[in-house]
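Atoms within a ligand are numbered from 1 in the order they appear, just like the ligands themselves.
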Amino acid sequence: MRAVGVSIARREVKLIDHPEPKLARPDEVKIRILEVGVCGTDREICEFKFGEPPAGSQHLVLGHEALGEVVEAGSGVQSLKPGTLVVPMVRLPCEVAACAPCRSDRQDFCGTDTFEEHGIRRSHGFMTEKVVERERFLVPVGPDLREVAVLVEPLTIMDKALRELDAIQARMPFAAGKRALVLGAGPVGLLGAMALLLRGYATTVVARSPGTTPNAKLAAAVGARYVSSRETPAGGWGEFDVIYEAAGSPAAAFESLAALAPNGVLILTGVPGAGDFLNFDAGRFVREVVLRNQLIVGTVNAGKASFAGAISSLGEMNRRWPAALRGLITGRHPLESFGKLLLERPEGIKSILVL
Ligand SMILES: [Zn+2]
Ligand SMILES: [Zn+2]
């Protein structure tokens, strides 16, 4: 089978011949991959910043944002049958008996750092023709979402963040404010803005680029306010009860605190590299967080409930903004085009590889 393989040792990204996997356990399912999204994580792995092949393998098959179709189900599989569309989960539980999160099916909260992630660390990904996975790590999706379901995985990040936010804001015996700021207008930021709008938040998207880019126009088309941080500094953005950081910029995250309202929550989801030093007034930072009852929370990956939640949100987005949702996907390319999408800086918002 064709697959996009990364060899960290040889510093190579190339199309490789990968053996077709077989069902080995009754709870396993073979899926044919239909589409795989390309994101910044994939590009960073191709720059050898991180990524780890499975034990004994020279290469890591890339890809973690996938839509597949069941082609074969093991004898013990309960609810999936050939033809069902599925989105595979990315992170798998660790094996440590004492890891309470993984033993509770919440490997997104794993405390051991020994978990595997498809296409990222220690487990092959989905930029290949067929994969085998256990039923419990596959989430079914209806045929009505066939065109956009490749966006489910990036949307799970926001779904988990919103669940965290609901739990956090339950600390107050009154309704929290509904003004949201999204930092970043990439696919994760735009999907995040749409998810916030669905939940009734007055939503502003802030990114560096001017308001004339397709990303800015898409934000406006779904009803968000768009602000270019190059044109308007943080002091002019307004005041927000929730700030969702999806830009991967620590400086932007700290800058945005100036716009965080009392009792507000700053949610960090970007994963910047080390070495980004900032010179800031730590006294003022701590004082403001204390005197304004603010919370800063990091969140990564997502549990199964968030996959189901993301699929449900995607269905709502598909009804409310069908054109804008499709507008997020700005290119579908054959697997052989991986080099252009992974190693160059492609144009558009979200690029997809089609198997
Ligand atoms: Zn991704
Ligand atoms: Zn664990």
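What you find for Val71 and Pro82 is that their closest heavy atoms are O-CG, 3.9 Å. What you find for Ala216 and Pro210 is that their closest heavy atoms are CB-O, 3.8 Å.
Side-chain atoms of Glu288 do not come within 3.5 Å of backbone N or O of Val290 as any donor-acceptor pair. With hydrogens and angles ignored, the 3.5 Å screen pairs no side-chain donor or acceptor of Glu65 with any backbone N or O of Cys39. Judged by distance alone, with hydrogens and angles left aside, the side-chain atoms of Trp237 form a donor-acceptor pair with the main-chain N or O of Thr232 at under 3.5 Å. With hydrogens and angles disregarded, no donor-acceptor distance shorter than 3.5 Å links the side chain of Arg292 to the backbone of Arg287.
Taking a cut-off of 2.8 Å, the protein N, O or S atoms nearer than that to the Zn ion (ligand 1) are Cys39 SG, His64 NE2, Glu65 OE2.
For the Zn ion (ligand 2), the count of nearby protein N/O/S atoms, taking only those under 2.8 Å, is 4.
Within the structure, ring pair (Phe, Tyr, Trp, His ring centres under 6.0 Å) pairs that include any residue of residues 102-125 comprise His18-His124, His59-His124, His118-Phe126 (at least two apart or interchain).
Ring pair Phe285/Phe280 is perpendicular by interplanar angle, where above 60° counts as perpendicular and below 30° as parallel.
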Which donor-acceptor pairs under 3.5 Å do the side chains of residues 148-163 make with protein atoms, sequence neighbours left out?
unit_1	atom_1	unit_2	atom_2	d
Thr156	OG1	Glu153	O	2.5
Asp159	OD1	Arg163	NE	2.4
Asp159	OD1	Arg163	NH2	3.2
Asp159	OD1	Ser306	OG	2.9
Lys160	NZ	Asp108	OD2	3.0
Lys160	NZ	Val300	O	2.7
Arg163	NH2	Ala305	O	3.2

